[in-house]
Amino acid sequence: MSKSQSNWIDLRSDTVTRPSPAMRAAMQAADLGDDVYGDDPSVNRLQDYAADLFGYEAALFAPSGTQSNLLALLSHCGRGDEYIAGQEAHTYKYEGGGAAVLGSIQPQPLQNQADGTIALEDIAAAIKPDDFHFARSRLLALENTIGGKVLPMEYTRAATSLAHQRGLATHLDGARICNAIVKLGISPREAVRGFDSVSVCLSKGLGAPVGSVLCGDKSLIAQARRWRKMLGGGMRQAGGLAAAAQYALEHNVARLAEDHAHAERLAHGLRQIELLKVQTPQTNIVYADMPAAACAGLDGLLREHGILARVTPHMRMVTHLDVSAADIDKVLTVFQTFFNTWNAPTSEGAA
Ligand SMILES: *Cc1c(COP(=O)(O)O)cnc(C)c1O
C-alpha cells in the first residue's frame, strides 16, 4: 500500500477502512488455532461475544456479509422454499442471486417504501398458502439500515410478529445494524428483537478488515457451519481476523455517532449548492442528486484533490472512521469550487 494511496479521502463505501494501529496490535497478539476443528480461541471468543451481545444462543464467523447472509438463507430454507425480501435488499439485489443459484431458494422481492420498510399488507399478501402450486413461503428477510435508513422499531416488531404468526422464520441483514443501534440509542439486543437470525458486518463502519458474524439458535448455527464449510468459508488460523472483529465490536460501535455527524455536516454543506438535491442522512450515507453532465468533471476535480467517490447522478457518499471532519470540509470546498464555475452544457462556455 503506497503512502499516497492511503491518503485518499475515500467516500465510496465504509468498507474501505484500514485497521488502526490498535486493531493491528490486537490482531498481532491473537491466540490462534484451527477453526475448522473449532480450535481457534480468538474465533471462539468472538463468536461467544457476538452471540451474547445480540442475545442469541450461538454465532458463526464468516469471511463476508454475502456469505453470512447466504448461510442464513440456506439454513432457514430448503429447495423449493421461498424468502421474502425488499426489491432493494442486499440479499436479493447485490448477492449474485446466491440463494437461488446455490440453494434452489426462490426470492419473493417486494417493493421497498421510501423509508426502507416493506408494507405489512404487501408481506401478508405475498405469503403463499400451503398449496403445491406455490413455493413454500419460509422466511422474511429484512435489512437494517437499508440505504442508510433506520427501520422504525415498531415496524420491525410488527413485521417479525406477522411473519411468525404466519409460520415464517425471520432473518435480519444487519450489515449496518450498529449504525441503527447508535442512531436510536438502543441496545443491540433490542435492535434485533423478533429476528431468528442476524448477520452483522464487522468490515463496514466498524472498521475490521474482513468478516461478518451470523447469530442464531444452536441448531441454525450448526447448519450454517456445514454450509460454510461447503462454500469454502471454513478458515483455519482465522483468529487474527477474529481479533480485529472483536476489537471492532468492543471499540468502534459508539464512535459511529461521529460518522453520522460527519454525514450531516456533508449534507448540510452540499445543500448550499443550488444544483444539488440532497437527502437528509439518517446515519452514515449521504445521497445527492446532480445533473448527469456534471459527473465526469466533478469526478476529475475530486481526484485531483485526492478524493475518491462514485460520482453518479444519484451519488452516494459514505462516511467512516477514516474520514475526519476536516476531510468533509475539504470535500465541500471542492464541490463548491466545481459548481461555482460549472455551467450546464446547453449554455455558452460549457465546462
Ligand atoms: C455490504 C453488505 C453486505 C455484504 O457484505 P460483504 O462483506 O461485502 O459481502 C450485505 N448486506 C448489506 C446491507 C451490506 O451493506
Side-chain angles (χ1 to χ4, degrees), residues 10-19 46 50 54 59-76 83-99 101-102 107 109 112 115-118 139-151 156 170-183 191-192 195 197-215 224 227-228 231-233 235 238 241-242 244-245 248-249 252 256 259-260 263 281-287 310 316-321:
D10 195 339
L11 299 175
R12 291 172 302 172
S13 176
D14 47 6
T15 56
V16 300
T17 57
R18 293 183 180 84
L46 170 71
F54 289 97
L60 189 68
F61 187 46
S64 71
T66 298
Q67 186 175 105
S68 176
N69 278 327
L70 180 59
L71 297 177
L73 295 169
L74 290 168
S75 301
H76 283 295
Y83 74 103
I84 294 171
Q87 252 336 313
E88 299 305 320
H90 205 279
T91 56
Y92 172 62
K93 197 173 176 183
Y94 300 102
E95 295 180 6
V101 174
L102 300 165
N112 286 104
D115 65 357
T117 61
I118 307 168
L139 179 74
L140 173 67
L142 297 179
E143 181 175 320
N144 196 13
T145 64
I146 178 163
K149 289 172 184 151
V150 179
L151 298 182
T156 53
T170 54
H171 172 69
L172 179 64
D173 178 357
R176 295 192 179 86
I177 191 62
C178 292
N179 294 84
I181 287 164
V182 167
K183 176 68 178 191
V192 300
F195 290 97
S197 57
V198 60
S199 165
V200 181
C201 278
L202 292 326
S203 61
K204 297 260 164 91
L206 297 184
V210 163
S212 284
V213 277
L214 177 67
C215 303
W227 285 117
R228 186 185 68 171
L231 293 169
M235 299 182 286
L241 297 173
L249 282 175
N252 290 347
L256 291 171
D259 299 344
H260 301 171
Q282 293 183 21
T283 55
N284 67 331
I285 302 182
V286 177
Y287 286 98
R310 284 166 47 88
R316 183 186 91 148
M317 286 158 279
V318 188
T319 58
H320 51 74
L321 86 184

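The chain is numbered in sequence order, starting from 1. Quick caveat, the model's predicted, so the values are computed rather than measured. The analysis underlying the following values was restricted to heavy atoms, covering all of them including side chains, and did not include hydrogens, waters or symmetry mates. Just follow the structure's listing: the first ligand is 1, and inside any ligand the first atom is 1.
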Out of all atoms in ligand 1, which are within 4.0 Å of some heavy atom of [X]? Include the element for each.
X	result
T66	4 (C), 5 (O), 6 (P), 9 (O)
S64	7 (O), 9 (O)
E143	13 (C)
G65	4 (C), 5 (O), 6 (P), 7 (O), 9 (O)

Donor-acceptor pair, distance only, cut-off 3.5 Å: does the side chain of R316 make one with the backbone of V286?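 It does not hold such a pair.
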Main chain of D259, side chain of N284: is a donor-acceptor contact present, judged purely on distance under 3.5 Å?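 Judged by distance alone, no pair lies under 3.5 Å.
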So do the side chains of L241 and L202 get within less than 4.5 Å of each other, counting heavy atoms only? no
Check whether any side-chain heavy atom of L73 sits under 4.5 Å from a side-chain heavy atom of W227, and report yes or no. no
Under 4.0 Å, heavy-atom basis, I'd like to know which part of [X] is in contact with ligand 1: side chain, backbone, both or neither.
X	value
A175	side chain
N69	side chain
D173	side chain
C201	side chain
Q67	neither

Do S68 and S212 have side-chain N/O donor and acceptor atoms under 3.5 Å apart?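 No, no side-chain donor-acceptor contact under 3.5 Å.
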Side chains of H320 and D10: donor-acceptor distance under 3.5 Å anywhere? no
Taking all non-hydrogen atoms of both residues into account, name the closest pair between D14 and T319 and its distance.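 For D14 and T319, the tightest heavy-atom pair comes out as CB-O, 4.0 Å.
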Check whether any heavy atom of R176 sits under 4.0 Å from an atom of ligand 1. yes
Closest to atom 15 (O) of ligand 1 among protein heavy atoms sits K204 NZ, 2.6 Å
Atom 10 (C) of ligand 1: which protein heavy atom is closest, and how many Å away?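 Ranking protein heavy atoms by distance from atom 10 (C) of ligand 1, first comes H90 ND1, 3.2 Å.
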For a quick test of your reading: what N or O donor-acceptor pairs under 3.5 Å do the side chains of residues 141-148 make, sequence neighbours left out?
residue: E143; atom: OE1; partner: H90; partner atom: N; Å: 2.6
residue: N144; atom: OD1; partner: L151; partner atom: N; Å: 3.0

